[in-house]
Amino acid sequence: MLPVPENCFVPISEIISVEETELNKKQRNIGKWQKMTKLHAFTVYYVKKARNHRWRCSDVTFWCVDEHLCNQWIQALKELLEMQKSRPKQLLVYINPYGGKRQGKRIYEQKVAPLFSLASISTDVVITEHANHAKDNLFEVNIYKYDGVVCVGGDGMFSEVMHGLIGRIQKDSGIDQNNPKASLVQCNIRIGIIPAGSTDCICYSTVGISDPVTSALHIIVGDCQPLDVSSVHHNNMFLKYSVSLLGYGFYGDILKDSEKKRWMGPMRYDYSGFKTFLSHHYYEGTIAYQPAKHTLGSPRDKDSCRTGCYICKKSEQQLAEQHKDCGLKHEEGEEEWKVIKGKFLAINAVNMSCACPRSPKGLSPAAHLADGSADLILVRKCSRFDFLRYLVRHTNQDDQFDFPFVDVYRVKSFQFTSKLSEDNESNVMDIGKKRFGQFCRDHPACCCNIVNSTWNCDGETLDSSAIEVRVHCQLMKLFARGIEENCKDEAAYSQNSAEQLL
Ligand SMILES: Nc1ncnc2c1ncn2[C@@H]1O[C@H](COP(=O)(O)OP(=O)(O)OP(=O)(O)O)[C@@H](O)[C@H]1O
Ligand SMILES: CCCCCCCCCCCCC/C=C/[C@@H](O)[C@H](CO)NC(=O)CCCCC
Ligand SMILES: [Ca+2]
């Protein structure tokens, strides 16, 4: 711990760097030091924690009359920093120049690169030229020489980098991603997210704020947050991985509509959200799920997943035990399946809370980042007014699961088949339905859609409506530490920069 002004201590793990400070003539001759011939100084750059989980780089300069003592301090602090083994030294950075408000390049150059350079982190930077550039590139480069991969962009950009990294690790380990039952190999190369997208839900849910400087500092100090990843398959074919939202119905329809309005930037979601709300379509289908019995929590818990979460730690221990007994047969396939049929406005499976600036507590406030489970939220057919009440509760303190038309389950895997594909499969499709357009012929006013919705997988659409999903506990890691409990003594963090005498 290093004492800094206002009786505040900075742990070594939150020091960014230490540098000898060149004093100009004026500084050398100020105040009571006037009579002395020469002063020496060094500056410590450290993480200053501000309100709402925001981190800033602050500095304190220590003055000293003894050059040897000053150098000893610099040396000792540098050695302590060298001992912080989880800090990255070399990073591969991908910037999406077109994500969110198209500010990715500027954000990186102005806010992030100077901090990386202050922390002596070397970087290879790739500005993407097309979609899938980052993903494809990760199959070609020597990823093992990097301590982490950073993506500058939104959830879609993160998804690309995650697919590239996980896919590459499976390929190098001889694992077939098309096998829905395969035990995937954990990816230990951490991903850092510099938020510059439209929703930035993954960053917000793992850091507590979507702020590029805060995220850069979490990368610099070498934070590590494991993350659950769901694999999505259709007919033994791998489709995608998901870490945040897998949504059918409402969120799938929003995404599909908003893709045509990309030129609107982040506003497209508000526009398509309103339009989709008015359309009030619901979809018929069957869900089969396996409850997550291994995890201690429940989706209705009052406590949320926070830094050092004991529920996620417990799952980590269970995972380590599983790895030890890897020769033993998995019980997973034998566990019970529960089946639910119905008409749904939305089917949402979330691996994390999905908190974002639009909904600071998220779609499932008690979901855990790394417990090996997802929360499956089923919103059944209800009136527009009730659906609005449900949506509004995502923005206030009321319980969004406390409605008779909303059910939530903590699951480790699930399958979905739409009524339409069930009918197709059993060859009983009524061709007449097609001629009568999209809506249910028998009840034109009921909004029951006879076409399928689309799955929204972390902001990307999936081509199949029938899917098989399995949660892989802690498959990857982020440069983050989860959301910290609110710091009570915020006043202690209120000073910008300071100077101190040794
Ligand atoms: N140079 C590029 N040109 C076009 N598309 C790109 C480029 N680089 C990346 N992409 C694609 O752009 C998509 C969206 O990017 P990104 O996630 O950064 O922003 P967003 O969609 O605005 O934000 P969010 O995902 O948070 O809603 C990604 O899926 C990615 O594949
Ligand atoms: C009357 C006011 C009601 C307001 C209700 C607000 C509820 C908002 C919940 C937002 C949940 C976001 C879940 C995250 C999904 C991301 O993986 C994905 C990719 O970035 N974003 C969207 O699909 C974009 C989804 C955008 C939804 C608007
Ligand atoms: Ca989880």
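What you see below is based on every heavy atom in this structure, not just the backbone, and it leaves out hydrogens, waters and symmetry mates. Just follow the structure's listing: the first ligand is 1, and inside any ligand the first atom is 1.
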His368: which N/O/S atom is nearest the Ca ion (ligand 3)?
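Relative to the Ca ion (ligand 3), the closest nitrogen, oxygen or sulfur of His368 carries the name O.
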Nearest to the Ca ion (ligand 3), which N, O or S atom of Asp371 do we find?
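Distance check against the Ca ion (ligand 3) picks out OD1 in Asp371.
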Could you tell me the residue and atom name of the protein heavy atom closest to [atom], and the distance to it rounded to 0.1 Å?
atom: atom 14 (C) of ligand 1; result: Arg262 NH2, 3.6 Å
atom: atom 5 (C) of ligand 2; result: Leu391 O, 3.7 Å
atom: atom 20 (P) of ligand 1; result: Ser198 OG, 3.6 Å
atom: atom 9 (C) of ligand 2; result: Tyr251 OH, 3.6 Å
atom: atom 15 (C) of ligand 2; result: Leu245 CD2, 3.9 Å
atom: atom 8 (N) of ligand 1; result: Thr128 OG1, 2.7 Å
atom: atom 17 (O) of ligand 1; result: Gly156 N, 2.8 Å
atom: atom 15 (O) of ligand 1; result: Asn96 ND2, 2.9 Å
atom: atom 3 (N) of ligand 1; result: Tyr98 CD1, 3.3 Å

Tell me, please, if Asn351 has any N/O/S atom, main chain or side chain, under 3.0 Å from the Ca ion (ligand 3)?
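It does: Asn351 brings an N, O or S atom closer than 3.0 Å to the Ca ion (ligand 3).
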Is [X] close enough to touch ligand 1? Criterion: a residue heavy atom under 4.0 Å from a ligand atom.
X: Tyr269; answer: yes
X: Lys135; answer: no
X: His133; answer: no
X: Gly459; answer: no
X: Glu259; answer: no

Evaluate [X] for polar contact with ligand 1, using N/O atom pairs at a separation under 3.5 Å.
X: Gly100; answer: yes
X: Gly99; answer: no
X: Gly153; answer: no

Just to be sure I'm reading this right: ignoring hydrogens, which of Phe277, Tyr269, Tyr204 gets closest to atom 26 (C) of ligand 2? Compare them by their nearest heavy atoms.
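Comparing heavy atoms across Phe277, Tyr269, Tyr204, the nearest one to atom 26 (C) of ligand 2 lies in Tyr269.
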Can an N or O of Asp200 be found at a distance shorter than 3.5 Å from an N or O of ligand 2?
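Checking ligand 2 against Asp200, no N or O pair falls under 3.5 Å apart.
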On the 0 to 90° scale, with breaks at 30° and 60°, tag the Tyr283-His281 ring pair as parallel, tilted or perpendicular.
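Aromatic pair Tyr283/His281 classed perpendicular.
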Where does Asn456 meet ligand 2, judged by heavy-atom distances below 4.0 Å: at the side chain, the backbone, both, or neither?
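Within the 4.0 Å criterion, Asn456 contacts ligand 2 through side-chain atoms alone.
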Side-chain heavy-atom pair Asp458, Ser244 within 4.5 angstrom cut-off
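Sidechains of Ser244 and Asp458: in contact.
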Decide if the gap between the ring center of Phe387 and the ring center of Phe250 is smaller than 6.0 angstrom.
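When the ring centroids of Phe387 and Phe250 are compared, they turn out to be within the sub-6.0 Å range.
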Which atoms of ligand 2 have any heavy atom of Asp155 under 4.0 Å away?
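Under 4.0 Å from Asp155, ligand 2 has these atoms: 16 (C), 19 (C), 20 (O).
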contact_flag Gly154 ligand 2 heavy-atom lt 4.0 Å
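Heavy atoms of Gly154 never come under 4.0 Å of ligand 2.
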Rounded to the nearest 10°, what angle sits at the Ca ion (ligand 3) between O of Ser373 and OD2 of Asp228?
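Seen from the Ca ion (ligand 3), O and OD2 are separated by roughly 100°.
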